[in-house]
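Structure first, commentary second.
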Amino acid sequence: MAVKIKLKRLGKIRSPHYRIVVADSRTRRDGRAIEEIGKYHPTYNPSVIEVDAERVAYWLSVGAQPTEPVLAILKKTGDWQKFKGEPAPAPLLTQAEKPARPSFEALAGEDEGKGEAITPKKKAEKKDEADAESESTEA
């Protein structure tokens, strides 16, 4: 029996996510798996890759063959280089934590309103215009 490490597709039509599984090579893509050893979410930015390094090392030592997409993932995580005895790659990017948005109450407490409109009243504008006209007629 040939054992493969491959991707099992999950998710909706346009939002795929995968599980990295160990399965018999004769089973279908989303079929029965021997063991799940990781996750891969390509639609996130940056993509999320979680791999159980101990189980990957075990299955590779037993003779399981990774498929091409899984081999690329294992090279990014450094598990393939560890198995082959090569130097490790650069570390993966991790998603930065988003700062928490301040609540409405916190924002309202900082700015105390004067209780008056920001724009000047129209009556005041008319008085200013009348004053300007009277000054221009006097000159």
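All figures in this text were calculated on a predicted structure; none of them were measured in a lab. As a basis for the values below, the full set of heavy atoms in this structure was taken, side chains included, without hydrogen atoms, waters or symmetry mates. Residues take their numbers from the sequence shown, with the count starting at 1.
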What is the distance from atom [atom1] of [X] to atom [atom2] of [Y], rounded to the nearest 0.5 Å?
X: I49; Y: T77; atom1: CD1; atom2: OG1; result: 7.0 Å
X: K39; Y: L10; atom1: NZ; atom2: CG; result: 10.5 Å
X: R19; Y: L7; atom1: CZ; atom2: CG; result: 12.5 Å

_Pair listing, ring pair (Phe, Tyr, Trp, His ring centres under 6.0 Å) test, anchored in residues 2-30, at least two apart_ =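 Listed by first then second residue: H17-H41.
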
For [X] against [Y], the heavy-atom pair lying closest together:
X: R9; Y: G11; answer: NH1-O, 4.0 Å
X: A23; Y: A33; answer: CB-CA, 4.1 Å
X: P16; Y: P42; answer: O-CD, 3.7 Å
X: D24; Y: I34; answer: N-CD1, 4.2 Å
X: T43; Y: S15; answer: CG2-CA, 4.5 Å

*Any pair with a residue in residues 50-61 that passes side chain to side chain donor-acceptor pair (under 3.5 Å), sequence neighbours left out, goes on the list, sorted by first then second residue, please.*
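The answer is E35-R55, E35-W59.
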
*Tell me, do L74 and I20 make a side-chain contact under 4.5 Å, heavy atoms counted?*
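A side-chain contact under 4.5 Å is absent here.
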
*Same cluster for V48 and V21 if Ile/Leu/Val/Met/Phe/Trp/Tyr side chains link at under 4.5 Å?*
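No; V21 is not reachable from V48 via cluster members.
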
*Using side chain to side chain contact (heavy atoms under 4.5 Å, CB included) as the criterion, point out the one residue from V51, V70, I73 that pairs with Y40.*
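Between Y40 and the candidates, side chain to side chain contact (heavy atoms under 4.5 Å, CB included) is satisfied uniquely by I73.
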
*How would you list, by chain and number, every residue that makes a side-chain hydrogen bond (donor to acceptor under 3.5 Å, both in side chains) with K6, sequence neighbours excluded?*
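Partners of K6 under the side-chain hydrogen bond (donor to acceptor under 3.5 Å, both in side chains) test: T27.
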
*Among all residues two or more places apart in sequence or in another chain, which pass the side chain to side chain contact (heavy atoms under 4.5 Å, CB included) test with K84?*
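Once residues adjacent in sequence are excluded, the partners of K84 under the side chain to side chain contact (heavy atoms under 4.5 Å, CB included) criterion are W80, E86.
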
*Counting distance only, does the side-chain N/O of D79 pair as donor-acceptor with the main-chain N or O of A53 below 3.5 Å?*
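Such a contact is absent between D79 side chain and A53 backbone.
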
